[in-house]
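Chain identifiers are assigned alphabetically (A, B, ...) following the order of the sequence lines, protein sequences preceding nucleic acid strands; residue numbering begins at 1 within each chain. Atoms considered below: every heavy atom in the structure, side chains included; atoms not considered: hydrogens, waters and symmetry mates.
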Protein chains: 2
Amino acid sequence: MSHTLITYFKQISQLSESSEEALHALIYTQSIPKNQDLQHIGQTCKTLYFLKTGIARIYYFHDGNDVTEGFYEPFCLIARAESLFAGAPSKKAIQVLEDAEVWSISTQELIALYDDHRDIERLFTRLFERAYVQTIQRIENLQFHTAEERYRLLAHEQPEVLRRVPLKYIASFLGITQVSLSRIRAKKN
Amino acid sequence: MSHTLITYFKQISQLSESSEEALHALIYTQSIPKNQDLQHIGQTCKTLYFLKTGIARIYYFHDGNDVTEGFYEPFCLIARAESLFAGAPSKKAIQVLEDAEVWSISTQELIALYDDHRDIERLFTRLFERAYVQTIQRIENLQFHTAEERYRLLAHEQPEVLRRVPLKYIASFLGITQVSLSRIRAKKN
DNA sequence: GAACTAATTTAACATTTGATAACTAGTTAA
DNA sequence: TTAACTAGTTATCAAATGTTAAATTAGTTC
């Protein structure tokens, strides 16, 4: 009856036995091959994802250029919040960057549990709060750090991303071109 | 029994009569003079604010420089979410930029209502969801637009801010220096 | 109205970043 | 094997932005 993801959830917020079971029944596990989209551009976000293994990114196109909005490592909530909360199609896609094991949860089924399982509602409220706080911190980072500082911060906060993700995806995440990223890397290595 | 702020709330999410009354009892109204901090740096965020009139900003110091994180117009939820959700002191302050009428709500008292008034919990979850989505959109804006594009977007989205707020505050919000902002403004005016 | 003060603009120069293209190394396919 | 392709780097030049300082304008105080 124990599930790795639920064990993780319980570190975030308490869950009753019955909530644990109810939640367990919603978790769907898939294997996704490298480079495949978990969700395509244009789909409305109705599923929450968590990685068991692998790395994922959310990306979109700006003026024809592929832009990475964020990188996601195991156990991190992956969702296109702006689509989920508005119930509108997302212009962003979720892509797995390595062969990955993915846990997914239907938001519709999840929300149906909220009335009878307030601890589940609280848990997911907290998960989104955390995501929100990370987003706020990312703005601080983009607003007043140089490209080099942003690169070093990424190296510090998500070293695995730097090791495992193609640089072309990292450049757009940092808000710079790939050429500029190369220059920064050449400085101190 | 009608309150302008609650009328606004009811456009966001339904409220029962009793929830309306309970919420009404929590709303505290103050007059704050121009340039005064509503909340100081170092305080933990325990109060939510809404402006009745005036304009406010959230700011902090980065390397000794005053940085504006965001501008807030009437009826917009003002909170330092990163402090509120973590229960930790905020390094940011909330400042009123004009003489203002402010509504405030204690988060402690608010949360105490959640168990008996789920519609109130839903309302504030929605208000924070909206704030979250705006934050996501702000990242897109910072990540792949030029300073000039960001200026024009602000002019489009918050024209009142441009009219009423000193440019020194606007520059840091856009992630540029005041000198650079002056140059951009000189181009097309 | 004169004297201060703060806000904004302008100028000159340095630095960073973008755009484009050439080059290298590794991979895939015929 | 070569040829084609992709990712990453390097080089060159142009454009944008930062830094510093001075000039101008607007607002306040006496």
Side-chain angles (χ1 to χ4, degrees), chain A residues 33-37 55 57 59 61-68 71 95-99 139-155 159-189, chain B residues 33-37 55 57 59 61-68 71 95-99 139-155 159-189:
Chain A
K34 177 173 175 168
N35 290 333
Q36 188 169 308
D37 278 359
I55 289 191
R57 68 176 184 129
Y59 71 96
F61 288 94
H62 175 81
D63 292 345
N65 299 311
D66 177 315
V67 177
T68 296
F71 296 107
Q95 181 190 31
V96 148
L97 297 172
E98 302 173 346
D99 292 346
I139 286 187
E140 286 180 43
N141 185 19
L142 282 170
Q143 197 175 2
F144 261 90
H145 288 91
T146 63
E148 183 169 345
E149 286 169 336
R150 299 199 296 270
Y151 173 75
R152 303 219 176 276
L153 191 64
L154 178 66
E160 283 303 306
V161 166
L162 222 55
R163 252 195 292 283
R164 288 151 62 180
V165 172
L167 294 179
K168 59 177 177 173
Y169 296 148
I170 292 175
S172 67
F173 173 74
L174 296 174
I176 56 178
T177 61
Q178 196 183 342
V179 173
S180 193
L181 177 55
S182 262
R183 266 191 298 235
I184 288 166
R185 286 163 58 83
K187 278 193 187 175
K188 282 223 174 174
N189 296 339
Chain B
K34 177 173 176 170
N35 291 332
Q36 187 168 308
D37 279 358
I55 288 192
R57 67 174 185 132
Y59 71 95
F61 287 94
H62 175 81
D63 292 345
N65 299 311
D66 177 314
V67 177
T68 297
F71 296 105
Q95 181 190 32
V96 149
L97 297 172
E98 302 173 346
D99 292 346
I139 285 189
E140 286 179 45
N141 184 18
L142 282 171
Q143 198 174 5
F144 261 90
H145 287 91
T146 64
E148 183 169 348
E149 286 168 336
R150 299 198 298 270
Y151 174 75
R152 303 218 177 279
L153 191 64
L154 177 67
E160 284 301 309
V161 166
L162 222 55
R163 252 193 294 281
R164 288 153 60 181
V165 173
L167 294 179
K168 60 178 175 172
Y169 297 148
I170 293 175
S172 67
F173 173 75
L174 296 174
I176 57 179
T177 61
Q178 197 182 340
V179 173
S180 194
L181 177 55
S182 260
R183 266 190 300 236
I184 288 167
R185 284 163 58 85
K187 277 193 186 175
K188 283 223 172 173
N189 294 339

Rounded to whole Å, the CG-C1' distance (B:Asn35 to D:dG27) equals 14 Å

Rounded to whole Å, CD of A:Gln178 lies from P of C:dT17 at a distance of 16 Å

| request: Please check the phosphate of C:dT9 (OP1 and OP2 only) for any side-chain N or O of B:Arg185 closer than 4.0 Å. | output: yes

In B/S/- notation (B base, S sugar-phosphate only, - none; protein heavy atoms under 4.0 Å), nucleotides 15-23 of chain D written 5' to 3' is --BBBB---

Contacts of A:Phe71 meeting ring pair (Phe, Tyr, Trp, His ring centres under 6.0 Å) (sequence neighbours excluded), chain-then-number -> A:Phe173

* Asked: Do B:Gln95 side-chain atoms and B:Asn35 backbone N/O form a donor-acceptor pair below 3.5 Å?
  -> yes

Between OH of B:Tyr151 and C1' of C:dT8 the distance, given in whole Å, is 12 Å

Ordered by number, residues from residues 163-173 of chain B within less than 4.0 Å of DNA chain D (heavy atoms) are none

Quiz prompt | Pairing of B:Arg152 and B:Glu149 as salt bridge, 4.0 angstrom limit | solution = no

note: B:Lys34, atom NZ; C:dA6, atom C1'; distance rounded to Å ~ 11 Å

Looking only at heavy atoms, the pair that brings A:Ser172 and B:Gln143 closest together is O-NE2, 2.8 Å

Here the distance between atom C1' of C:dA19 and atom CZ of B:Phe144, to the nearest Å, is 13 Å

- Message: Between B:His62 (side chain only) and B:Val67 (backbone N and O only), is there a donor and an acceptor less than 3.5 Å apart?
- Response: no

- Where the side chain of A:Arg150 meets the backbone of A:His145, is there a donor-acceptor pair that is under 3.5 Å apart? yes

message = Checking the side chain of A:Asp99 only, and the main-chain atoms of A:Lys34 only, is there a donor and an acceptor separated by less than 3.5 Å?
response = yes

Exercise for review: State, yes or no, whether a side-chain contact exists between A:Ile176 and A:Ile184 at a heavy-atom distance under 4.5 Å.
Suggested key: yes

